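Here's the structure, in structure tokens; my notes come after.
Every chain is numbered from 1, with letters handed out A, B, ... down the list of sequences. Keep in mind that what you see is a predicted model, and the values were worked out from it rather than measured.
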Amino acid sequence: MRCLMPRTLEEMADALSGFTEKSKVIAGGTDYVIQARRGKFDPDILLYPGMIPALHKVRRGERELRVGAMATMQEISRALEGDPAFRAIADAASDVGSPQIRNKATMAGNLCNASPAGDMLPVSWLYDAEVELLCADGSICLVPVSEFIVGPQKTALKPGQAVISVVMNCGPWDGFISAFKKIGSRERVSISREGMAACVRLGKDGAIAQARLTLGAVASTPLRIPEAEVLMEGRHLEDGELLADVTKVVARTIHDHCRPANRQYKTEAARGLTADLFTLLRERI
Amino acid sequence: MKLIGKDKPIHDARGKAAGFVKYAGDVTLPNMAYIALVHSTIPHGCVKEVRTERALGVPGVYGVFHCFNTTARTYNRYRSNFAQNLPGEERVFTDYVRFVGDRVAAVAACDQETADKAARLVEVTYEELPFSIGFDDTLSGRNCLAGERPVRDEFFTEIGTQPDDDGLIEVTTVSEMPRLHHATMEPHACVVDCDPYQQQLTVYSPNQAVHGIRLVLADFLEMPYHRVRVVKTTMGGSFGAKQEWFLEPAAALIAKTLGRPVKLVYSREEAMVCSVVRGAMRGEVRSKFKPDGTLISLSMDVLLDAGAYIGNAADYIRALSGKPFRCYRIPYFRFCGRVISSNTPVSGAFRSWSAAEEAIMMERNFDEAARQLGIERIELRLKNVLLSGEADRKSGVPLENIRVRDALEQGRTSFRWDELVQADRAFNESSPRYRRGVGVGCGGHGNTYYPRFNDYGEGRLGLNEDGTVQATLTLHDHGCGTVTAMRMIIAEVLDIPDTSVYLAEGDTAVTPVDYGCFASRTTFVLGRTAYDAATALRDEILDRTAELFSLTRGSLRLENGAVRCRDDECVNITLEQLAQASMLKLKRNVCAQAQFNNTSNPGVTGVHFAHVEVDTWTGFTKVLDYLAVQDIGQPINPAMCAAQIQGAAQMGCGAALREKMTIGKDGRCTESLSKYHLFLATDLPDIRVLLLSDGRSEEGPFGAKSIGEISYVPAAPAVCGAVNDALESALGTLPYDPDCILKYLAEERDS
Amino acid sequence: MTLHFFVNKRPIVLETSPDRRLLDILREDLHLTGVKEGCAEGECGACTVLLDDQAVHACLTIAAQLEGCRVTTIEGLAELGELDILQTCFVEEIAIQCGFCTTGMIMSAKALLMRNSHPKEEEIRLALSGNICRCSGYVQIVKAVQRAAEELEAKRTCAV
């Protein structure tokens, strides 16, 4: 096994040019090491881009939010916890695994692992995130996350390509507040059984002008819930009936998409999940 | 008392804090081989072929061992003393696999990585057979083991005369408890050294019975006992997981065959699947009460899934039948226990040896009875718990100063039970989402094997040249501070600092033959042995001083590590002076031995209280407050007792709310801590502990009783009771995890 | 690959495979057995060490990720029989039983105290949420960290 540790994006592109089907890029390694030890992969080349300083940054500009491929969950949550529009990402990052995991795991790694239970999936779907890929020829391209993740543990990544950042446009989310909430098997340090992300923009009257909801860990990739989004428009977050109406739609969506083994629990728990998410949003008005 | 009742860290705390203390997995010997095991991937079948060419081709592999090149002799993993009449049940490498995880082969290699790699290259061909994954399969007649009946063992007992049913209220509850993982943080490990020239094996492992391992290995390998030396290493927790032998025979066989030291360390997956689990249990309890709440009759029908080997299951189910008598007054008792087999991980010892399961069944029945009778839950228990002076009706042994009644009453006050009941009622009326409730769990246990065996202990003490004390007892500290406790007992008697006592742990080459540290006998039996040995040494010290210095024996006393004389204040003979004088002038060491024959087993009980909040929208339960009241007698080291009790509460919260090992349709068992959810620091409140020391034992050292197992018994029942109180439910299947709770609430809503 | 990194402030140069776990490098190559393996999948926290002052799992970190990094293990806290304040508090508060989780637990607490000198109980519990202890109910462990924070604060105040 060869190990490549490029210091610049140019060196990284060079490194990628030698990639085969078996070659791997490793970021935090928290999923990689477990799977490699189970014999899932035995790479010929292991590329670690941690020596490229730019990839560790979380940059929030006027136009875009750019989360570098090596930024850890801990760094992401710290960078975005005061950012109402992207607070949902901070919520999700701050509840991934344990402190030790959050000190290593990355958003890019979570997306590349493409587990349906990955918490970065529903938040990436929420903002129509794009994945920035570096190719072996040095070119860079952007792929919408919904095209990047094609199924459980499956991405559109080709040999010789690597994720260098996750990019979100800021414009559409100007003035939004957001939140993410998940239910696992215990309060902390748990894999999501279901997770929901929301962002809403309130009008001058305090009513919801625009809303977006995504649901993770239910289907193989996150689900948008347009029916609930429409329901929310023009109503207030404090409206108890709105919560009941949205819960019904969320529960039905879960019921229709979930595997039978977990269907009853996940459907029933929609009520608590939705209520908690609304509570977070209300606190952030 | 200067030491007894004081808080002391565990003897090796500093080394543990520094990362200096070595566990078996940390030991490396020159020329050592590392072992990786190959386990069955199918739940039931015959091994047709083992192909080893590819594994043997890996550089650094010393050998591949399997059923076709190793002995067909068998041993019993549960055996730990010579008087147990147990059939050999297991081969080291089997040709007939009984569960996913059964040992099929092993690779020994120059390092762990090589061994693991080669183990993956061992190719095993099976002929698959039909299998059972539990009660339903086995009882429906699915044949899971060749030549065995579905019910492998049946046990019936009856005590008292069946009462006339007139006017009695019958309460029936059914409980089902899943398999549990001990989750010791240190997975099982052992190192075996081999001296082929002296035909000597030395085994280093964290275990609860060095002599148990010795006799199993020596008999299995057809070696004389003195040629097998077993040394207990620092133990990273046991809870019963390290008292049955499944690593040591394989490691010893390979060490002996290769003539070199070997190391075998389980992965977490192996520790979960291939060691022992607490077996799944299903039980029906039918109780009959007078309208005033007096229990008249108790009938229990209990099913235990032994898993793939019967191991301890026959004894385990029999032990269960005695547990109710350690806490409650039961005029008539009928018990039927049945043990079934299945193609699942092997059931074995688990903290409390069935008392925890018994308490879950009993306490659920009491809660239900309280509801049906309209009697407050604590009142109902107060009416039926055993009192000081009563006896264990099953064994006939006096319970001495059993203080379960005091524990109930003091706990009720300290926990503010009655106020909480009121407050919860108001809270539940006002909260659409959360529901609160309180629960109480009562339980009793023992302190020794007595009267099942005539329990005893042997201890030897001697003075070193500098007056420090060398103690020899067969002790196995599980990590709960029994070495410290023994040192405190000895030092208290001799009036010296506890740090002046050196105590080696179990080592068959050095320490006396002993049953091992289980059955909560360590403090009670070995502690008393240490006390007796210390008393004998004190007498010896005074005798020798009188002789050497021509003083009147009756005027001498030990004080602050020196012999003082009532008649002459100037006499101040240090233990160092005495030890040296004895060697030089009397030509003998100052030493003493004690054999303690134990003939009592007092009542030791605990009452735990839990206050919980159930989120009815997600099914999560939060433990808001927890109080453990333990009728402990004289606590030797209260802070270590409290720490152990809090651990028991953590474990009980887990059993009540989360922990379960599930068996898939393919026979595969939960094999990762990512799917077996233990309680974390963020999940628990500040667990409060109240030690009741009035109920002193007659035989225990300074009146001490046991704590390790009894502290676990009432934990899960208290939490289960609180959840059922919150939901006004009577949930039968544990754990009360979010799935279970939301399923129940949905059924309630839909009916 | 040739790996250059620092362990307990000591520069280390090691010829190793890029996918070798930090856990194995520490335990087998450097004989630092205070780092424990409890699950090998980042669930139990027994292998917690500091990587550039952040708590991480040595079982999920591989050589390829270590070039130029600073690793601190439990052995880096004590010197020749002298425990540091945090270790001493674990001993004195009776926060140690079987000891297998202790070293990882102390390293997580160390990481917390390095960036938060006045942690609230809730913050301590959260910082330790990746470390499982099966012997205790975490009560004494939390107290030990609280006391260590107080003593470190007192020491700082004295120094000023």
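- Side chains of B/Gln112 and B/Asp116: a donor on one and an acceptor on the other come within 3.5 Å.
- Defined by atom type and a distance below 3.5 Å, a donor-acceptor pair is present between the side-chain atoms of B/His181 and B/Arg268.
- A donor and an acceptor atom, one from each side chain of B/Asp737 and B/His677, are nowhere located under 3.5 Å apart.
- Minimum interatomic distance between B/Tyr434 and B/Phe427 (heavy atoms only, all atoms of both residues): O-CE2, 3.5 Å.
- Side-chain rings of B/Tyr736 and B/Tyr744 stay apart, their centers remaining 6.0 Å or farther from each other.
- Nearest approach of B/His182 to B/Arg278, heavy atoms of both residues: CE1-N, 4.5 Å.
- When all heavy atoms are compared, the tightest approach of A/Ile76 to A/Ala71 is CD1-O, 3.7 Å.
- A/Thr279 and A/Asp276 share no side-chain donor-acceptor pair at under 3.5 Å.
- Only the side chain of A/Gln264 comes within less than 4.5 Å of a heavy atom in chain B; its backbone stays farther off.
- Within residues 87-121 of chain A, no residue has any heavy atom closer than 4.5 Å to a heavy atom of chain B.
- For residues 118-126 of chain B, the interface with chain A (any heavy-atom pair closer than 4.5 Å) comprises B/Arg120, sorted by residue number.
- Heavy-atom distances place both the backbone and the side chain of B/Asp739 under 4.5 Å from chain A.
- Between the side chain of A/His255 and the backbone N or O of A/Ala251 there is no donor-acceptor pair closer than 3.5 Å.
- Aromatic ring orientation, B/Tyr266 versus B/His39: perpendicular (interplanar angle above 60°, classes split at 30° and 60°).
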